[in-house]
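To start, the structure under review is shown below, and the notes come after it.
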Amino acid sequence: NWTMESFIDKEINRIRQIVGPNGQVVGAVSGGVDSSVAAKLMKEAIGDRFHAILVDNGVMRLDECQKVKKSLKDHLGINLKVVDASKMFLDRLKGVTDPEKKRKIIGNTFIEVFESEALLIDNEAKESHGKIEYLLQGTLYPDVIESISFKGPSATIKSHHNVGGLLEDMKLKLIEPLRELFKDEVRELGKVLGMNEELIWRHPFPGPGIAIRILGEVTPSQVKIVQAADNIYIEEIKKAGLYRKISQAYAALLPVKAVGVMGDKRTYEQVITLRAVETTDFMTADWFHFPYDVLKTISNRIINEVKGVNRVVYDISSKPPATIEWE
Ligand code: XMP
């Protein structure tokens, strides 16, 4: 009979057999549930011979890198290296407003940074007669099916995950310990492996990060505004006990200015739009029916606490025809 414990034992043995006694593995982590569970499983199987890499692309949420580092490295004991490449990403995003161009720049830069980090680790490994032979991917069963049967828009959506170059240049082989599991099983697995609830139930977050939630040009000051607003939004959602009911929520920054009034002065500032959806498969989604008082608290806090914003709106569009992200 199938239990999570027997799955873990079997999978750990399988990983050890594949990788061998000296083999080494690299993998990118984001702080999302899939890559985190996959990384924890690798750590259980081969310890520090698994090297996790977290790339700070400058378009993560408020303090996200430190938070992910704390939970993966300090709490779960994963051999993690954080690479701060934020300047490189933000430089390349300068002047870019087209959503697909943003995605391409971030995806390509990510691969470039990850690959050079992996090569560094490989060189270090060689000094102790080891070698990086495998690349970890947190692919789930539905992704396996999708990549076989569906070559639609998701081919672009997931383009930043394309690590084909790495596999060819470094001659790495893929290792995918979650490829037989569904999302709820991955969460269960994470629980058994001692991961905290916050990590296990984290809403999905797109690879291009808040770059696709800043409409128009991505600049450091725009990043700061959306980070602050998003942080308040998620904080209040959690305080209201609604985080698990909502499938995905985020704040986005519109590239328009609105007139407002503060004291006896006229203001002319930007607009934050809030998104929250309920969905099971992310292919269709309904906007979330917020209690008004929660929306009121969120809007008051954002307008009072976030400099540069004088108006907050709530997005009541379903998917389709709207998408979950604005870009
Ligand atoms: P849309 O906006 O297409 O989003 O309704 C559906 C789900 O996919 C996420 N998403 C992305 N994830 N790279 C990603 O890794 C992307 O470029 C990307 N675009 C959208 C989105 O957050 C939602 O969960």
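One-based numbering, in listed order, for ligands and for the atoms of each. Position 1 is the first residue of the sequence; numbering continues from there.
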Next item on the list: State, without any angle test, whether R92 and T109 hold a side-chain donor-acceptor pair at a distance under 3.5 Å.
Entry: yes

Check: Of all the atoms in ligand 1, which lie at a distance below 4.0 Å from a heavy atom belonging to P208?
Finding: 13 (N), 16 (C), 17 (O)

Next item on the list: Find all atoms of ligand 1 within a distance of less than 4.0 Å from any non-hydrogen atom belonging to G207, and give their numbers and elements.
Entry: 13 (N), 14 (C), 15 (O)

Item checked: Sidechain N-carboxylate O distance under 4.0 Å for E188, K191 -> no

Notebook entry, point to check: At their closest point, which heavy atom of D315 faces which heavy atom of W287, and how far apart are they?
Noted result: O-CB, 3.9 Å

Item checked: Residues that K183 engages under salt bridge (Lys or Arg N to Asp or Glu O under 4.0 Å), provided they are two or more places apart -> D34

Check: Does any N/O atom on R103 come nearer than 3.5 Å to any N/O atom on ligand 1?
Finding: yes

Next item on the list: Heavy-atom contacts with K319 under 4.0 Å: which atoms of ligand 1 show up? List them by number with element.
Entry: 1 (P), 3 (O), 5 (O), 6 (C)

Margin query: Which residues pass the salt bridge (Lys or Arg N to Asp or Glu O under 4.0 Å) test with E278, not counting sequence neighbours?
Written below: none

Checklist line | Polar contact flag for Q248 and ligand 1 (N/O pairs, less than 3.5 Å) | finding: yes

